[in-house]
Amino acid sequence: MKIDAAVLGASGYGGGELLRWLSQHPNVASIRGTSRSFAGQAFAEAHPNLRGIVGGSFEAKVDWSIFSGSPQLVVFSALPHGELAKTLHDLEQEWSAARIGDHLLFIDLSGDFRIHDAAAFEKANGVPHSAPEFLNEFVYGLPEWNRAALSGARRIASPGCFATALQLGLLPLRGMDVGFIAASGVTGSSGSGAVAAAGTHHPTRANDFRAYKILTHQHNAEVALAMAACEISGHVSFVAHSAPFVRGIFATLQFQLPDSLDGSALRQRAIEAFRGLPFIRVVESSPRVAAVAGSNFADISIASDQRSGAMMVALDNLGKGMAGQAVQSMNIALGLPETAGLWHAGRYPG
């Protein structure tokens, strides 16, 4: 299968990662990318790591008619949160007019369509949804949780980076009543996007460590919905932290072991839950952000004492937490090998 790919909002960090992953995918024949601020400039102007690797230039807008003869078109949206919801109706009309809808897979990397309930979306994000009529058309794109639904899907909402880490840590607890889980997550500055803000500007972050969106992070809603879908009873109390590195997430979930589960049984549940999942690596000691940076892998470890259990997860927020995961979902949706274009080690030592 030959794939033509288009990336909306390709000048941001997520867009650059999509260009990088797609350029090494054996089934991708062509790549186009849009950016209003970089229109007419080469991809390498925004992403210098792609110089000599990914040819082409940013376009202000895609001419969808050029894909009328494409056997398979995949469109990724790396637009800022909230922007796609405002424009999706027009996009759908353009795709219909260009007669490409029957061979188009659309994957959104923003938080616009991850939550199917409009009221839950508004509670999590603080604003009403701009296109609630499309909410139920999107499949939640976390392969380790939702593989069956992704097969053959045509609209996919790729999960948030913190949500991915937390849900992977919860995977061994399917079907259990876990009571209260104290969760913390630490993220690098790239998770806040390419445009500097007060909390992400290097001089204010490089020698600092702080919590933010304390107990109110919008990814809580994704985690709660996944827990309900997988019959995990209990409550996750999550605190996000900002760290002075660029890439990566490290999440820790701590909980009291129920009487029916000791440390050995917890570890066995984890081994069974992660068996056959190509991008999940169970490690003996603490996971390390440096070992997964630049990759689509998530490293996970399990610890316990007589009373408590802990799941620790490390992943790249731009890889398994964003662009790499979107390509992984594309592979599953199109019936390709899940690891196609993604089976690469991260960079180490950093």
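When reading the values below, keep in mind they use all heavy atoms of this one structure, side chains included, and skip hydrogens, waters and symmetry mates.
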Between Glu231 (side chain only) and Gly175 (backbone N and O only), is there a donor and an acceptor less than 3.5 Å apart? no
Hey, mind stepping through Ile232 and Gln167 against side chain to side chain contact (heavy atoms under 4.5 Å, CB included) and telling me if it holds? CA-CA 11 Å; Ile232 298 176; Gln167 289 171 117; over 6 Å; no
Regarding Glu83 and Lys86, does a basic nitrogen lie under 4.0 Å from an acidic carboxylate oxygen? no
Hey, are the side chains of Val186 and Val289 touching, using non-hydrogen atoms and a 4.5 Å cut-off? no
Rounded distance [0.5 Å steps], CZ in Phe43 versus CG in Asn49: 12.5 Å
State, with a plain yes or no, whether a side-chain heavy atom of Asn331 is found less than 4.5 Å away from one of His25. yes
Could you tell me whether the side chain of Asn27 and the main chain of Ile3 form a donor-acceptor pair under 3.5 Å? no
With hydrophobic residues grouped by side-chain heavy-atom distances under 4.5 Å, do Ile115 and Leu88 end up in a single group? no
Can you classify the ring geometry of Phe162 versus Tyr212 as parallel (below 30°), tilted (30 to 60°) or perpendicular (above 60°)? tilted
Check: Arg174 main-chain N/O paired with Arg269 side-chain donor or acceptor under 3.5 Å: yes
Do the side chain of Asp316 and the main chain of Gly294 share a donor and acceptor less than 3.5 angstrom apart? yes
Determine, for Glu272 against Arg275, whether the closest basic-nitrogen to carboxylate-oxygen distance falls under 4.0 angstrom. yes
Side-chain heavy atoms nearer than 4.5 Å, only ILVMFWY residues, links allowed to pass through others: does that put Ile31 and Leu318 together? yes
Just by distance, do the side chain of Asn317 and the backbone of Gly248 share a donor-acceptor pair under 3.5 Å? yes
Minimum heavy-atom separation for Asp112 to Leu84, with atom names? OD2-N, 3.3 Å
Pairwise distance CD1(Ile300) to CE(Met312) - rounded to 0.5 angstrom: 10.5 Å
Should Ile302 and Val282 count as side-chain neighbours, where that means a heavy-atom distance under 4.5 Å? yes
Which atoms form the tightest heavy-atom contact between Leu105 and Gln72, and what is the distance? N-NE2, 3.7 Å
Taking all atoms of both residues into account, what is the closest heavy-atom pair of Gly141 and Gln325, and its distance? O-CG, 3.7 Å
Is there a chain of hydrophobic side chains (I, L, V, M, F, W, Y, each step under 4.5 Å between heavy atoms) that links Ile181 to Ile214? no
Under 3.5 Å donor-acceptor, Asn125 side chain and Val127 backbone: no
Donor-acceptor contact below 3.5 Å, side chain Asn146 vs main chain Leu142: no
Distance-only polar pair, side chains of Asp262 and Ser264, donor-acceptor under 3.5 Å: no
Quick check on the hydrophobic clustering: are Leu168 and Leu170 connected, directly or via other members, by side-chain heavy-atom contacts under 4.5 Å? yes
Do Arg114 side-chain atoms and Ser158 backbone N/O form a donor-acceptor pair below 3.5 Å? yes
Residue pairs, two or more places apart or on separate chains, that pass ring pair (Phe, Tyr, Trp, His ring centres under 6.0 Å) and touch residues 90-119: Trp64-Trp95, Trp95-Phe106, Phe113-His129, Phe113-Phe138
For Lys2, look at atom NZ and say whether over 12 heavy atoms of other residues, nucleotides or ligands are found less than 6.0 Å away. yes
Within the 4.5 Å heavy-atom criterion, are Leu215 and Ser237 side-chain neighbours or not? yes
pair Ser329-Pro143: side-chain heavy atoms closer than 4.5 Å: yes
Separation of Ser11 OG from Arg36 CZ (nearest 0.5 Å): 9.0 Å
Kindly indicate whether the side chain of Leu91, heavy atoms from C-beta on, has any atom under 4.5 Å from the side chain of Leu8. yes
Quick one: does Leu277's side chain get under 4.5 Å of Arg147's, heavy atoms only? yes
Derivation of the side chain to side chain contact (heavy atoms under 4.5 Å, CB included) call for Thr164 and Ile249: CA-CA 10 Å; Thr164 295; Ile249 278 180; over 6 Å; no
On a heavy-atom basis, the closest approach of Ile100 and Phe67 is CG2-O, 3.6 Å
Of all the heavy-atom pairs spanning Cys161 and His219, show the shortest one and how long it is. N-CE1, 3.4 Å
What's the spacing between Ser304 OG and Arg267 CZ if we round to 0.5 Å? 9.0 Å
Please report the interatomic distance CG(Asn296) to CH2(Trp21), rounded to the nearest 0.5 Å. 6.0 Å
Before you tell me yes or no, could you show the steps for Phe134 and His89 under side chain to side chain contact (heavy atoms under 4.5 Å, CB included), namely the whole-Å CA-CA distance, both residues' side-chain angles and the distance that decides it to 0.1 Å? CA-CA 9 Å; Phe134 291 113; His89 184 269; 4.1 Å; yes
Find the distance between CG (Asp299) and OG (Ser286) and round it off to the nearest 0.5 Å. 9.5 Å
With the side chain counted from C-beta on, respond yes when Ser295 and Phe279 share a heavy-atom pair under 4.5 Å apart, and no when they do not. no
Got a donor-acceptor contact below 3.5 angstrom from the Ser23 side chain to the Arg20 backbone? yes
Does His217 offer a backbone N or O that forms a donor-acceptor pair with the side chain of Asn220 under 3.5 Å? yes
Between His344 and Phe297, which heavy-atom pair has the shortest distance, and what is it? O-CE1, 3.5 Å
Linked, directly or transitively: Val178 and Leu261 (ILVMFWY side chains, under 4.5 Å): yes
I'd like to know whether Glu59 forms a side chain to side chain contact (heavy atoms under 4.5 Å, CB included) with Arg32, so could you lay out the CA-CA distance, the side-chain angles of the two residues, the decisive distance to 0.1 Å, and finally the verdict. CA-CA 8 Å; Glu59 306 168 50; Arg32 306 179 84 94; 2.9 Å; yes
Looking at Ile107, Val139, Leu104, Asp108, which one forms a side-chain contact (heavy atoms from CB on, under 4.5 Å) with Arg155? Leu104
